[in-house]
Amino acid sequence: MDLPCLRPQEALLGAAFLAIALWAWAEKGVLSNISSITDLGGFDPVWIFIVTGAVMFVLGFAGCIGALRENTTLLKFFSVFLGLIFFLELTAGILAFVFKDWIKDQLNFFINNNVKAYRDDIDLQNLIDFAQEYWSCCGAHGPNDWNLNIYFNCTDSNPSRERCGVPFSCCVKDPAEDVQNTQCGYDVRLKLELEQQSYIYTKGCVGQFEKWLQDNLIVVAGVFVAVALLQIFGICLAQNLVSDIRAVKANW
């Protein structure tokens with residue numbers, strides 16, 4: 001019986017994600033000191049690659065090997081696992097819509113918690129810089145959220161040169177500059193708020209993210225619907241293969 005291999009590219013891509021994650025942890029010395037995983041006060045972006053890679057590899061492996069070996073157990077696992085992911089996505093979407101204010105509070109807490117750990121991890125730092133540059137924002141609700149970081153807070157006891165400043169990713173880009181000035185945020189919060197607007201983004205990332213979602217609602221919804229349809233198709237295909245295998249075996 002010649003059966004198609006379900007999602008082999010997904011298994012390879014998942015393995016690649018896992019390899020990248022392990023390489024990143026090796027570069028940061030995490031693999032030589034596993035306990036350091038819990039030492040970071042903020043979110044380690046490497047976890048995105050770990051979780052995504054693991055899920056993709058497990059699904060790809062179960063689907064491909066299950067189809068090639070005509071293993072109904074692996075195909076059932078593939079179907080149930082994919083169904084569970086679909087259910088979790090659907091539940092998360094419903095809860096996010098019903099508890100919008102709670103989600104907003106959690107997003108605010110998440111951003112502020114990572115603002116505190118901005119200098120603790122280079123990957124987290126790059127993620128925050130990317131978010132602030134992409135959404136033209138600074139902090140969760142505004143530049144003053146950077147008071148939460150020990151390097152940027154405005155207390156008199158802070159010896160850091162970055163005191164009362166913000167990261168360069170908060171700065172309004174000058175089209176005339178080929179190389180960005182990474183010190184553009186120094187002392188900027190000592191200026192009046194109206195004056196700050198000429199130098200840095202003064203809107204918070206929570207509000208800018210909400211605005212981005214509203215502006216791109218059709219695209220975001222389309223992506224989620226497309227992913228959901230692919231998952232349903234995968235479940236149906238796996239169940240169809242299980243039925244075909246059983247039918248062939250019944251005729252032996």
Side-chain angles (χ1 to χ4, degrees), residues 1-28 30-31 34 37-38 40 43-100 102-103 106-107 110 123-124 127 130 209 213 216-252:
M1 184 178 179
D2 188 16
L3 294 175
C5 178
L6 292 178
R7 308 173 89 146
Q9 297 88 353
E10 190 170 301
L12 295 175
L13 190 58
F17 274 28
L18 288 172
I20 292 171
L22 292 175
W23 171 78
W25 270 354
E27 286 291 303
K28 293 191 288 186
V30 173
L31 296 183
I34 299 298
I37 293 177
T38 58
L40 181 62
F43 172 72
D44 188 347
V46 173
W47 281 111
I48 297 174
F49 286 87
I50 291 285
V51 174
T52 304
V55 170
M56 291 178 68
F57 179 78
V58 169
L59 278 174
F61 178 84
C64 188
I65 301 301
L68 289 176
R69 303 296 298 175
E70 300 183 16
N71 189 312
T72 55
T73 301
L74 281 177
L75 288 172
K76 287 178 183 177
F77 172 80
F78 171 86
S79 182
V80 170
F81 193 29
L82 198 57
L84 179 62
I85 293 173
F86 174 76
F87 174 77
L88 290 175
E89 289 171 349
L90 184 63
T91 303
I94 294 172
L95 291 177
F97 180 77
V98 174
F99 300 104
K100 286 185 287 189
W102 182 84
I103 293 295
Q106 292 304 307
L107 181 60
F110 176 78
D123 293 326
L124 174 62
L127 180 63
F130 169 78
F209 178 67
L213 276 181
N216 297 275
L217 188 60
I218 295 177
V219 176
V220 173
V223 170
F224 275 99
V225 169
V227 170
L229 290 175
L230 285 173
Q231 290 172 333
I232 293 171
F233 175 75
I235 293 170
C236 293
L237 182 58
Q239 290 299 317
N240 186 56
L241 285 175
V242 170
S243 299
D244 289 345
I245 292 170
R246 284 177 174 170
V248 170
K249 289 182 177 180
N251 294 326
W252 288 356

Measuring from [X]:[atom1] to [Y]:[atom2], what's the distance to the nearest 0.5 Å?
X: F43; Y: L127; atom1: CZ; atom2: CG; result: 7.5 Å
X: L230; Y: I235; atom1: CG; atom2: CD1; result: 11.0 Å
X: D244; Y: T72; atom1: CG; atom2: OG1; result: 12.5 Å
X: L241; Y: L74; atom1: CG; atom2: CG; result: 12.5 Å
X: L13; Y: L18; atom1: CG; atom2: CG; result: 10.0 Å

Taking every non-hydrogen atom, the tightest pair across [X] and [Y]:
X: A24; Y: D123; result: CB-OD2, 4.5 Å
X: L75; Y: A67; result: CD2-N, 3.8 Å
X: G234; Y: F78; result: O-CE2, 3.6 Å
X: F17; Y: G53; result: CB-CA, 3.6 Å

Would you list the pairs meeting side-chain hydrogen bond (donor to acceptor under 3.5 Å, both in side chains) in which at least one residue belongs to residues 219-230, sequence neighbours left out?
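Every candidate side-chain hydrogen bond (donor to acceptor under 3.5 Å, both in side chains) pair involving residues 219-230 fails, so no pair, neighbours aside, qualifies.
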Set of side chain to side chain contact (heavy atoms under 4.5 Å, CB included) partners for [X], sequence neighbours left out:
X: K76; answer: V242, R246
X: I20; answer: F49
X: W102; answer: F99, Q106
X: L22; answer: L31

Please check this pair: side chain of N216 against backbone of V219, looking for a donor-acceptor N/O pair closer than 3.5 Å.
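Not a single qualifying donor-acceptor pair exists.
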Below 3.5 Å, can you tabulate the donor-acceptor pairs from side chains in residues 58-66 to any protein atom, sequence neighbours excluded?
none

For F224, all residues meeting ring pair (Phe, Tyr, Trp, His ring centres under 6.0 Å), sequence neighbours excluded:
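Per chain and number, F224 pairs via ring pair (Phe, Tyr, Trp, His ring centres under 6.0 Å) with no residue.
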Assess whether atom CG of L229 is packed by more than 12 heavy atoms of other residues, nucleotides or ligands within 6.0 Å.
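For L229, atom CG is crowded (more than 12 foreign heavy atoms under 6.0 Å).
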Identify each donor-acceptor pair in which a side-chain atom of residues 79-98 lies under 3.5 Å from a protein atom, sequence neighbours left out, and give them as a table.
| unit_1 | atom_1 | unit_2 | atom_2 | d |
| --- | --- | --- | --- | --- |
| S79 | OG | Q239 | NE2 | 2.8 |
| E89 | OE1 | Q231 | NE2 | 3.2 |
| E89 | OE2 | Q231 | NE2 | 3.2 |
| T91 | OG1 | F87 | O | 2.8 |

